[in-house]
**Q** 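Below you will find the structure I want to go over with you.
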Amino acid sequence: MAGSMIVTGAGRGIGAEIARQAAGDGYRVGVLDIDTDAAERVAGELPEAVALEASTTDSDVVEAVLDVFGTPDVLVNNAGIVRFSPLLDHSETDWRAVVEVNLTGPFVCGRAVARRLITEGRGGTIVNVSSINGIAPGPNSGAYSATKAGVIQLTRQMAIEWGPAGIRVNSVAPGIIDDGMSAPILADPEVRATRSARTPIQRLGTAADIARAVLWLGSDDAGYVSGHNLVVDGGVVSTVLAGMPRPQHIDGVSDAR
Ligand SMILES: NC(=O)c1ccc[n+]([C@@H]2O[C@H](COP(=O)([O-])OP(=O)(O)OC[C@H]3O[C@@H](n4cnc5c(N)ncnc54)[C@H](O)[C@@H]3O)[C@@H](O)[C@H]2O)c1
């Protein structure tokens with residue numbers, strides 16, 4: 001047995017795949033989701049897994065879930081939402097909802113697990129799911145990009161404060177993933193083809209690509225990695241200058257004088 005792991009937002013999409021790979025690696029998995037039916041479906045497919053019904057933003061409910069499951073060796077703060085619109089049209093309701101789930105949720109769950117690990121006198125690992133939007137904002141993302149930048153910085157904050165207690169904290173920034181919340185965007189064949197072609201390795205990412213990175217950061221193989229944001233995007237965020245014109249060869253530039 002590799003230990004225990006709680007994955008938030010594991011009822012579908014990337015979180016469900018993280019839960020599946022974790023079970024395959026021998027973890028006892030807590031499949032946590034606000035959507036009980038979805039959590040039960042995923043947990044029902046996996047050995048040793050249990051469905052945990054909770055909103056990551058509700059501290060009392062999160063504590064009750066930890067009382068039942070126990071303190072996990074690995075917490076994956078994966079639950080997240082997006083509300084697309086230009087900032088000029090973005091409602092405060094949408095703004096607050098996205099901040100609450102994407103930023104407050106990882107804080108609430110991370111704090112609860114870290115407090116328990118420290119009280120129990122043992123180390124653990126937290127992996128937060130950020131996004132390449134936390135590095136490079138995309139159009140019409142509303143509060144989403146700002147919250148994901150916040151997750152990257154919250155990760156570093158957790159890492160410096162909880163590292164001395166033996167708790168490593170990292171984040172994974174998925175690129176354009178052919179699953180979960182991106183599915184409605186990628187349903188348009190033209191958008192799909194463009195996004196794939198503009199990715200340096202020429203394909204969209206999969207939930208499995210992200211799960212592998214999360215599992216690695218949660219494992220002892222990453223035992224000296226903390227405070228890191230691991231970008232898993234096929235090279236997309238490196239393309240910011242790729243569209244800038246520049247000739248292949250320019251005589252006389254930077255010649256020694
Ligand atoms: N899919 C992508 O292209 C992509 C890219 C970059 C980052 N991400 C990030 O990956 C993570 C997973 O995304 P996904 O695409 O699998 O999303 P998804 O919408 O398919 O799944 C999210 C899950 O989280 C659950 N959830 C939402 N709010 C919750 C709450 N308060 N408490 C508990 N559960 C809650 C939902 O019920 C759902 O099962 C998110 O943090 C997202 O921002 C996704």
Side-chain angles (χ1 to χ4, degrees), residues 6-21 30-43 51-62 64-66 75-84 94 96-110 112 126-138 141-152 154-155 171-187 191-192 195-196 199 203-211 213-214 229-234 236-237:
I6 290 179
V7 185
T8 72
R12 61 167 191 250
I14 293 171
E17 179 59 20
I18 296 169
R20 284 186 203 106
Q21 288 198 17
V31 178
L32 187 150
D33 208 288
I34 200 166
D35 180 341
T36 318
D37 290 347
E40 280 172 0
R41 258 195 312 277
V42 173
L52 305 171
E53 185 197 355
S55 171
T56 53
T57 62
D58 187 329
S59 200
D60 291 342
V61 177
V62 168
V65 157
L66 293 175
L75 168 69
V76 181
N77 279 316
N78 164 78
I81 61 172
V82 64
R83 299 278 184 268
F84 293 111
D94 281 350
R96 288 184 205 283
V98 173
V99 170
E100 184 73 357
V101 177
N102 292 6
L103 200 47
T104 308
F107 162 65
V108 165
C109 294
I126 298 173
V127 183
N128 298 319
V129 178
S130 57
S131 167
I132 54 169
N133 275 194
I135 299 165
S141 298
Y144 186 79
S145 299
T147 63
K148 291 300 183 177
V151 168
I152 294 168
L154 176 64
T155 299
S171 56
V172 169
I176 297 161
I177 306 304
D178 192 8
D179 212 320
M181 62 174 62
S182 289
I185 303 167
L186 296 168
V191 170
R192 193 181 175 82
R195 286 184 168 221
S196 180
T199 300
R203 71 166 174 88
L204 302 171
T206 64
D209 291 323
I210 304 309
V214 169
N229 182 48
L230 178 56
V231 176
V232 182
D233 74 339
V236 171
V237 284

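Numbering of residues begins at 1 and proceeds along the displayed sequence. Remember, it's 1-based here, ligands and their atoms both numbered in the order they're listed. Every value quoted in this text rests on a predicted model; they were computed, and no experiment measured them.
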**Q** Give me the nearest non-hydrogen protein atom to atom 27 (C) of ligand 1 as residue plus atom name, then the distance to 0.1 Å.
**A**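 Going atom by atom, the protein heavy atom closest to atom 27 (C) of ligand 1 ends up being I81 CG2, 3.9 Å.
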**Q** Considering only the protein, which heavy-atom contact is closest to atom 24 (O) of ligand 1, and what is its distance?
**A**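 Nearest protein contact, heavy atoms only, for atom 24 (O) of ligand 1 is G9 CA, 3.3 Å.
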**Q** Of the protein's non-hydrogen atoms, which lies at the shortest distance from atom 2 (C) of ligand 1, and what is that distance?
**A**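 Atom 2 (C) of ligand 1 sits closest to the protein heavy atom S182 OG, 3.3 Å.
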**Q** I'd like to know if the side chain of N78 reaches the main chain of G9, judged simply by a donor and an acceptor atom lying under 3.5 Å from each other, with no hydrogens or angles considered.
**A**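 Yes, the answer is positive, given that a donor and an acceptor are paired below the 3.5 Å cut-off.
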**Q** Is there side-chain contact between P174 and V129, with at least one heavy-atom pair below 4.5 Å?
**A**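 Yes, side chains in contact.
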**Q** Going by heavy atoms in the side chains, are E17 and I177 under 4.5 Å from each other?
**A**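 The answer is no; the side chains never approach within 4.5 Å.
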**Q** Start with the C-alpha gap between S130 and T155, add the side-chain angles, then the distance that decides, and say whether side chain to side chain contact (heavy atoms under 4.5 Å, CB included) holds.
**A** CA-CA 9 Å; S130 57; T155 299; over 6 Å; no
**Q** Short N/O distance, under 3.5 Å, between G15 and ligand 1?
**A**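 No, G15 has no N/O under 3.5 Å of an N/O on ligand 1.
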**Q** Should the pair R12-D33 be classified as a salt bridge under the 4.0 Å nitrogen-to-oxygen rule?
**A**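 No, no charged N to carboxylate O under 4.0 Å.
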**Q** Could you tell me whether some N/O pair between I34 and ligand 1 is separated by less than 3.5 angstrom?
**A**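 Looking only at distances, the answer is yes, because the N/O contact criterion of under 3.5 Å is met.
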**Q** State, yes or no, whether a side-chain contact exists between I135 and I152 at a heavy-atom distance under 4.5 Å.
**A**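 They are in side-chain contact.
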**Q** So which heavy atom on V98 is nearest to which on R83, and how close?
**A**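 Reported closest heavy-atom pair: CG2-CG, 3.7 Å.
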**Q** When you measure from atom 15 (O) of ligand 1 to every protein heavy atom, which one gives the shortest distance, and what is it?
**A**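 Residue, atom and distance for the closest contact: M181 N, 2.8 Å.
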**Q** On a heavy-atom basis, which atom in I132 and which in G175 lie closest, and how many Å separate them?
**A**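 It is CD1-CA, 3.6 Å.
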**Q** Among protein heavy atoms, which sits nearest to atom 8 (N) of ligand 1, and what does the distance come to when rounded to 0.1 Å?
**A**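 The closest one turns out to be Y144 OH, 3.6 Å.
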**Q** Would you indicate whether the side-chain heavy atoms of P106 and L154 approach each other to under 4.5 Å?
**A**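 In contact.
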**Q** May I ask whether K148 places a heavy atom under 4.0 Å from ligand 1?
**A**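 So K148 counts as touching ligand 1.
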**Q** Return yes if some donor-acceptor pair links the side-chain N/O of S145 with the main-chain N/O of G134 below 3.5 Å, else return no.
**A**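 Checking the backbone N and O of G134 against the side chain of S145, no donor-acceptor pair under 3.5 Å is found.
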**Q** Have a look at ligand 1 and work out which part of A207, if any, has a heavy atom under 4.0 Å from it: side chain, backbone, both or neither.
**A**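 For A207, there is no contact with ligand 1 at all, from either part.
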**Q** In the protein, which heavy atom is nearest to atom 44 (C) of ligand 1, and how far is it?
**A**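 Scanning the protein heavy atoms, the shortest distance from atom 44 (C) of ligand 1 goes to I14 CD1, 3.6 Å.
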**Q** Quick check: do V151 and L103 have side-chain heavy atoms less than 4.5 Å from each other?
**A**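 Yes, close enough: below the 4.5 Å cut-off.
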**Q** Which ligand 1 atoms are under 4.0 Å away from a heavy-atom of G175?
**A**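 In order of numbering, the contacting atoms are 3 (O), 5 (C), 6 (C).
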**Q** Quick one: nearest non-hydrogen protein atom to atom 1 (N) of ligand 1, plus distance?
**A**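 Answer, as residue, atom name and distance: D179 O, 3.2 Å.
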**Q** List every atom of ligand 1 that sits less than 4.0 Å from any heavy atom of A54, numbering the atoms from 1 in the order shown and giving each element.
**A**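 In order of numbering, the contacting atoms are 32 (N), 33 (C).
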**Q** I'd like the name of whichever of G180, A38, C109, G205 reaches closest to atom 20 (O) of ligand 1 through any heavy atom.
**A**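 Considering heavy atoms of G180, A38, C109, G205, the nearest to atom 20 (O) of ligand 1 sits in G180.
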**Q** Any atoms of ligand 1 less than 4.0 Å from a non-hydrogen atom of R12? List them with their elements.
**A**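 Near R12, meaning under 4.0 Å from one of its heavy atoms, ligand 1 has 18 (P), 19 (O), 20 (O), 21 (O), 38 (C), 39 (O).
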**Q** Taking distance alone, with no angle check, do D35 and ligand 1 share an N/O pair under 3.5 Å?
**A**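 No.
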**Q** Starting from atom 39 (O) of ligand 1, which protein heavy atom do you reach first, and at what distance in Å?
**A**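 Minimum-distance protein heavy atom for atom 39 (O) of ligand 1 reads D33 OD2, 2.6 Å.
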**Q** Between L32 and ligand 1, is there a nitrogen or oxygen pair with a distance under 3.5 Å?
**A**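 No, L32 has no N/O under 3.5 Å of an N/O on ligand 1.
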**Q** Would S130 count as being in polar contact with ligand 1, using the rule that some N or O on each side must be under 3.5 angstrom apart?
**A**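 Such a contact does not occur with ligand 1.
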**Q** Heavy atoms only: which of G80, G13, A183 lies closest to atom 22 (C) of ligand 1?
**A**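 Looking at heavy atoms only, G80 sits closest to atom 22 (C) of ligand 1.
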**Q** Report yes if S131 has an N/O atom closer than 3.5 Å to an N/O atom of ligand 1; otherwise report no.
**A**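 Among all N and O atoms of S131, none is under 3.5 Å from an N or O of ligand 1.
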**Q** Is there side-chain contact between I6 and L66, with at least one heavy-atom pair below 4.5 Å?
**A**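 Heavy-atom side-chain distance check passes, below 4.5 Å.
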**Q** Which option out of N102, V101, V151, L204 puts a heavy atom nearest to atom 28 (N) of ligand 1?
**A**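 Considering heavy atoms of N102, V101, V151, L204, the nearest to atom 28 (N) of ligand 1 sits in V101.
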**Q** Are any side-chain N or O atoms of T104 and backbone N or O atoms of V101, one a donor and one an acceptor, separated by less than 3.5 Å?
**A**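 Side chain of T104 to backbone of V101, a donor-acceptor pair under 3.5 Å: no, none is there.
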**Q** Are any of the N/O atoms in N78 less than 3.5 Å from those in ligand 1?
**A**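 So ligand 1 has an N or O lying under 3.5 Å from an N or O of N78.
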**Q** Within a distance under 4.0 Å of any heavy atom of T56, pick out the atoms of ligand 1 and give their elements.
**A**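 Selected atoms, number and element: 30 (C), 31 (N), 32 (N), 33 (C).
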**Q** With distance as the sole test, does D233 use its side chain to make a donor-acceptor pair with the main-chain N or O of I176 at under 3.5 Å?
**A**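 Here the side-chain-to-backbone pair does not exist.
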**Q** Which heavy atom in G11 sits nearest to a heavy atom in V31, and how many Å separate them?
**A**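 Closest heavy-atom pair between G11 and V31: N-CG1, 4.4 Å.
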**Q** Would you mind listing which atoms of ligand 1 come within a distance below 4.0 Å of any non-hydrogen atom of V129?
**A**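 Near V129, meaning under 4.0 Å from one of its heavy atoms, ligand 1 has 9 (C), 10 (O), 11 (C).
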